[in-house]
Amino acid sequence: MKNIETSFDEIIDNLLLVLKPIESEPQISKQIIVLKQLRQRLFSGEIHIAIIGQFNRGKSSFINKLVKKDILPTSVLPLTAIPTEIRFGEETKAVIDFRDGSQKECEEKGIKNFLNTFVTENNNPENRAGVSKAVVFCNSEFLAGSTIIIDTPGFGSTHVHNTKATLDILPNCDAVFFMLSADLPITQMEVNFVKQIVPQSSRIFFVYNKIDLLNKADLKETSDFITKTIKGKLGIDVGNWFLAVSAKTEAGMDVISNEVMGFLRKEKFFSLSQAIERKLFASIDAISKYVSSTTATLNDELNAVRIQLEDLKKEFAENEKSVKKFAELKEQWKNFPFFMPKIEKIKKISAQISDIEIMNLLLESKTNVFEEKHKLYSNKNAEIYKKITENERKFVKIEESQKTSRQIIEDIQNCINLYIQ
């Protein structure tokens with residue numbers, strides 16, 4: 001739970017500060033990008049609306065009608081391969097960024113052909129062109145006020161990577177238009193996909209497209225079926241958020257604009273705040289897992305040496321008992337009366353000896369066995385002591401080498417603790 005006395009921007013700035021020393025760590029660099037994006041969105045007030053649905057649900061056609069510009073390529077086949085942002089701009093144009101840092105632009109004339117070259121599966125299969133980002137700028141009332149639409153690849157086609165690209169978009173979305181279609185009202189795959197959206201989006205608009213294919217009775221029957229299915233399987237009462245449209249004839253598009261514009265006016269900042277809080281604390285959770293994992297790794301490194309030290313000390317203690325025992329036996333044997341028979345001497349000390357080999361050596365008059373055993377265990381302990389000393393130095397060296405890492409981890413954990421109750 002967030003400390004309500006601390007603003008989001010303060011949390012983000014403090015986290016970025018304590019994460020800077022380990023910004024090159026892959027897990028942390030990813031979260032730094034997320035945090036910087038959240039900070040940018042706080043300042044800009046952007047709200048991201050993703051258009052999501054199975055392939056061939058008419059997502060791109062719907063967006064064209066929504067922004068009242070014929071800008072995105074459309075097809076009856078699985079088309080969009082690269083998620084495409086549609087942002088407000090005084091002039092209509094498309095900008096493609098590539099992984100190698102290069103960029104290409106196209107003005108309004110020819111924009112569909114330009115996008116078709118880079119963001120579609122047919123012309124850029126599996127993103128072989130290396131596109132990192134596709135953005136379309138458009139002068140549309142719907143986009144005014146920092147509203148960003150994201151056209152996503154359709155899920156459920158033979159192109160598995162397109163489904164992955166859509167899933168990767170979800171953490172960056174605040175609201176979703178989930179596209180359904182009259183030619184196949186709702187599938188189990190769609191139900192399963194909505195389950196993944198619910199925890200990550202403040203609002204889901206269910207857009208029932210292609211209603212021009214239905215008569216009035218069929219529209220009501222299929223609409224009731226969809227809303228009951230969503231309620232029954234997902235526990236979601238769609239209420240006013242089920243919107244029947246035809247991107248082809250534009251039927252219902254005015255309702256879409258009015259409903260969503262109303263949502264943006266009334267709930268934008270609340271939804272944006274919810275979305276940022278959700279994403280921020282998801283990032284904090286990821287950072288916490290990194291902290292726990294790193295702490296465990298550091299502890300494991302020390303514990304490996306600590307356990308070895310403990311084992312060596314136990315072995316040293318056991319050997320020390322043997323050293324003492326054989327020193328006492330040597331002294332005891334030496335102090336027996338000279339005239340006492342050997343058998344009597346052995347009987348007197350036999351209770352202290354469990355080693356048959358020693359007993360046999362004594363019977364053979366090899367009475368220096370106690371001295372030899374004393375020397376053997378003394379030499380062993382000398383070697384063990386050497387290893388103990390080496391491991392103690394190693395332990396201290398590891399502790400010293402971990403100081404910086406542990407301090408960074410402690411600073412990060414302390415920072416997180418300020419905002420988590």
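The model shown is predicted, which means the values in this text are computed figures rather than measured ones. Numbers here are sequence positions counted from 1.
- L15 is listed as a side-chain neighbour of I416, based on a closest heavy-atom distance under 4.5 Å.
- Taken to the nearest 0.5 Å, the CG atom of L66 stands 9.5 Å off from the CD1 atom of I86.
- Side chains of Q196 and N192: a donor-acceptor N/O pair is absent below 3.5 angstrom, by distance only.
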Intermediate values then yes/no, side chain to side chain contact (heavy atoms under 4.5 Å, CB included), I149 and L143: CA-CA 8 Å; I149 293 175; L143 300 173; 3.8 Å; yes
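- Minimum interatomic distance between K112 and P73 (heavy atoms only, all atoms of both residues): CE-CA, 4.0 Å.
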F205 and F177: CA distance, side-chain angles, deciding distance, ring-ring contact (aromatic ring centres under 6.0 Å, His included) verdict: CA-CA 5 Å; F205 299 91; F177 281 158; 5.1 Å; yes
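- By the neighbour-count criterion of 12 heavy atoms within 6.0 Å, atom NZ of K387 is sparsely surrounded, having that number or fewer from other residues, nucleotides or ligands.
- Pairing each heavy atom of N124 with each of A129, the nearest pair is OD1-N, 2.8 Å.
- A donor-acceptor pair is defined here as one N or O able to donate and one able to accept, closer than 3.5 Å; such a pair exists between the side chain of S29 and the backbone of P26.
- Remark: the backbone N or O of D224 is paired with a side-chain donor or acceptor of T227 at under 3.5 angstrom.
- For the pair S223 (side chain) and K220 (backbone), a donor-acceptor distance under 3.5 Å is absent.
- The distance from atom OG1 of T229 to atom CD1 of I186, rounded to the nearest 0.5 Å, is 5.5 Å.
- Within a 6.0 Å radius of NZ in K248, no more than 12 heavy atoms belonging to other residues, nucleotides or ligands are found.
- Using a 4.5 Å cut-off on side-chain heavy atoms (C-beta onward), I49 and T147 make contact.
- Ion pairing between E23 and K20 holds under the 4.0 Å rule for side-chain N and carboxylate O.
- In this structure, the side-chain contact (heavy atoms from CB on, under 4.5 Å) partners of T404, at least two apart in sequence or on a different chain, are I408.
- Between K233 and K195, the closest side-chain pair of non-hydrogen atoms is not below 4.5 Å.
- Among residues two or more places apart in sequence or in another chain, the salt bridge (Lys or Arg N to Asp or Glu O under 4.0 Å) test is passed with E318 by K321.
- With hydrogens and angles left out, the side-chain atoms of T84 and D151 include no donor and acceptor closer than 3.5 Å.
- Looking at S293, its side chain never comes within 3.5 Å of a backbone N or O of K289 through a donor-acceptor pair.
- For the pair T117 and N123, the tightest heavy-atom approach, listed with the atom from each and the gap, is O-CB, 3.6 Å.
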Stepwise side chain to side chain contact (heavy atoms under 4.5 Å, CB included) check, D218 with N215: CA-CA 5 Å; D218 288 342; N215 60 37; 3.2 Å; yes
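- Counting heavy atoms from C-beta on, the side chains of F370 and N368 never come closer than 4.5 Å.
- No more than 12 heavy atoms of other residues, nucleotides or ligands lie within 6.0 Å of CD in E141, so this atom counts as exposed by the packing criterion.
- For I71 against V67, the heavy-atom pair with the smallest separation is CD1-CG2, 4.1 Å.
- Inspection of the S181 and Y208 side chains reveals no N or O donor paired with an N or O acceptor under 3.5 Å.
- Of the possible polar contacts, none joining the S246 side chain to the I211 backbone as a donor-acceptor pair under 3.5 Å is found.
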Verdict with reasoning, E91 to E108, per side chain to side chain contact (heavy atoms under 4.5 Å, CB included): CA-CA 8 Å; E91 297 180 358; E108 184 170 2; over 6 Å; no
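- Looking only at atom types and distance, the side chain of Q31 has a donor-acceptor partner in the side chain of S283 under 3.5 Å away.
- If you check the side chains of H48 and E46, you find a donor sitting under 3.5 Å from an acceptor.
- The two residues Y290 and I409 make their nearest non-hydrogen contact at CE2-CD1, 4.1 Å.
- Heavy-atom contacts from other residues, nucleotides or ligands closer than 6.0 Å to OH of Y385 number 12 or fewer.
- Of all the heavy atoms in C138 and T92, the pair that sits closest is CA-OG1, 4.1 Å.
- Applying the salt bridge (Lys or Arg N to Asp or Glu O under 4.0 Å) definition to pairs two or more places apart or across chains, none involves residues 375-384.
- In R306, the CZ atom is crowded: over 12 heavy atoms of neighbouring residues, nucleotides or ligands sit closer than 6.0 Å.
- Side-chain contact check for V194 versus I230: every heavy-atom pair is 4.5 Å or farther apart.
- Taking the ring-ring contact (aromatic ring centres under 6.0 Å, His included) definition, one finds that F178 meets it with nothing, sequence neighbours left out.
- Applying the 6.0 Å contact sphere to CD of E392 captures more than 12 heavy atoms from other residues, nucleotides or ligands.
- Note that the CG atom of N319 and the NZ atom of K324 stand 15.0 Å from one another [nearest 0.5 Å].
- If you take CG on L19 and CD on E25, they are separated by 11.0 Å, rounding to the nearest 0.5 Å.
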Step-by-step salt bridge (Lys or Arg N to Asp or Glu O under 4.0 Å) determination, K109 to E107: CA-CA 6 Å; K109 185 178 180 181; E107 301 301 324; over 6 Å; no
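- Listed by chain and residue number, F114 satisfy the side-chain contact (heavy atoms from CB on, under 4.5 Å) test with C106 (two or more places apart in sequence, or in another chain).
- In this view, K36 and L16, I32, R39 satisfy the side-chain contact (heavy atoms from CB on, under 4.5 Å) rule, not counting sequence neighbours.
- Counting heavy atoms from C-beta on, the side chains of I82 and N127 come closer than 4.5 Å.
- Separating the CD1 atom in I197 from the CG atom in L234 is a distance of 10.0 Å, to the nearest 0.5 Å.
- Annotation: side chain of E250 is in contact with side chain of M253 (closest heavy-atom distance under 4.5 Å).
- Counted within 6.0 Å of CD on E371, heavy atoms from surrounding residues, nucleotides or ligands total 12 or fewer; the atom is thus considered open.
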Pair V323-F316, side chain to side chain contact (heavy atoms under 4.5 Å, CB included): steps then yes or no: CA-CA 10 Å; V323 169; F316 184 90; over 6 Å; no
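- The CD1 atom of I150 sits 9.5 Å away from the CD1 atom of I63 when rounded to the nearest 0.5 Å.
- Residues R57 and L180 form no side-chain contact, since every pair of their non-hydrogen atoms from C-beta on lies 4.5 Å or further apart.
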